[in-house]
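Computed from a predicted model, the values in this text were never measured in an experiment. We use all heavy atoms of the structure for the numbers below, so side chains are in, but hydrogens, waters and symmetry mates are not. Just so we're on the same page: letters track the sequence lines, and every chain starts at 1.
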Amino acid sequence: MNELELLAPIRSAFYTTIWTIVREIPAGQVASYGLIAGMIPVPPCISSGNYKAYRARWVGNAMSACPPDVPWQRVINAQGKISLRQGADRQRKLLETEGIVFDLRQRVDLKRYGWPGPSAEWLAANGLVDQTNQPSLF
DNA sequence: GTAATGACCAATA
DNA sequence: CTATTGGCCATTA
């Protein structure tokens, strides 16, 4: 068994954890890819440096394959914008339905709509780390 | 086997 | 404010 085969189940669990967190985002609020990723500990077989560099992209990859019950539309990039791709306007419509207002540059005010993250109890119950060292989002 | 691409982010210029 | 760049992962062609 080589290393790549060993890595697949780990990545699968990583995706599942991402979806679990995204399901906790309430309607009318948004979270960035990096914020979600920052709640998940460094997986085995990867250095913390590399993890930090790529975890946000992995969250994006997980969103491209998420189950139907995941509110994927509430995950946007760290600049408060919807990442450009097929279906971006549909994502914006869904968020506007939830009451989120975009500014003239198609941006969301993260100070107003940003999700602070799950409670410490929820994190602990799911074996995740407390996000004490928030990125400079506010 | 190689090469291109991706729903990202932080630090610079 | 915008534009560029390094990060060096995983998937797909």
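Atom CZ in A/Arg55 sits roughly 18 Å away from atom C1' in C/dA10 (whole-Å rounding). We find that CG of A/Asn61 is positioned 19 Å from P of B/dA4, with the value rounded to whole Å. The nearest whole Å value for the distance from the CD1 atom in A/Ile76 to the C1' atom in B/dA7 is 11 Å. Protein atom CD1 of A/Ile36 is 14 Å distant from nucleotide atom P of B/dC8, rounded to whole Å. Note: CG (A/Asp89) to P (B/dA7) measures 15 Å, nearest angstrom. Atom pair A/Gln79:CD and B/dA10:C1' shows a separation of 10 Å (rounding to whole Å applied). For A/Asn77 and B/dA10, the CG to P distance is 10 Å, given to the nearest whole Å. Rounded to whole Å, atom P of B/dA7 lies 17 Å from atom CZ of A/Arg90.
A pairwise comparison of heavy atoms in A/Gly127 and A/Pro41 identifies O-CG, 4.3 Å as the closest pair. In terms of heavy atoms, A/Ile18 sits closest to A/Ala62 at CD1-CB, 3.8 Å.
Between A/Val59 and A/Val22, the closest side-chain pair of non-hydrogen atoms is not below 4.5 Å. Taking 4.5 Å as the limit, some side-chain heavy atom of A/Met39 sits within range of a side-chain heavy atom of A/Ile21.
Cation-pi geometry between A/Arg92 and A/Phe102 is met: the NZ or CZ atom falls under 6.0 Å from the ring centre, inside 45° of the normal.
Here A/Gln29 contributes atom CD and A/Glu24 contributes atom CD; the two are 12.0 Å apart, rounded to the nearest 0.5 Å. How far CD1 of A/Ile82 is from CG of A/Asp89: 8.5 Å, rounded to the nearest 0.5 Å.
Applying the 4.0 Å criterion to OP1 and OP2 of B/dG6, one finds that A/Ser64 has every side-chain N and O outside that range.
The side chain of A/Arg57 has B/dC8 as its nearest neighbour among B/dC9, B/dC8, C/dC9.
Checking A/Gln73 against A/Glu98 by side-chain atom types alone, a donor-acceptor pair falls below 3.5 Å. Side chain to side chain, A/Asn61 and A/Ser64 fail the donor-acceptor criterion of an N or O pair below 3.5 Å.
DNA chain C is contacted by A/Asn50, A/Ala53, A/Tyr54 of residues 46-54 of chain A, taking any non-hydrogen atom closer than 4.0 Å.
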Could you list the protein-to-nucleotides 1-6 of chain C atom pairs, N/O on both sides, closer than 3.5 Å?
| residue | atom | partner | partner atom | Å |
| --- | --- | --- | --- | --- |
| C/dC1 | OP2 | A/Arg107 | NH1 | 2.8 |

Every protein N/O within reach of nucleotides 11-13 of chain C N/O, cut-off under 3.5 Å:
| residue | atom | partner | partner atom | Å |
| --- | --- | --- | --- | --- |
| C/dT11 | OP1 | A/Arg11 | NE | 3.0 |
| C/dT11 | OP1 | A/Arg11 | NH1 | 3.0 |
| C/dT11 | OP1 | A/Arg11 | NH2 | 2.0 |

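C/dA13 and B/dG1: their C1' atoms are spaced 13 Å apart (whole Å). C/dG7 and B/dA7 have their P atoms separated by 22 Å, with the value rounded to a whole Å.
Open room surrounds CZ on A/Arg90; 12 or fewer heavy atoms of other groups in view lie less than 6.0 Å from it.
The aromatic rings of A/Tyr51 and A/Trp58 sit tilted relative to each other, their planes meeting at an angle between 30° and 60°.
With A/Asn126 contributing its side chain and A/Trp122 its backbone, the two residues share a donor-acceptor pair below 3.5 Å.
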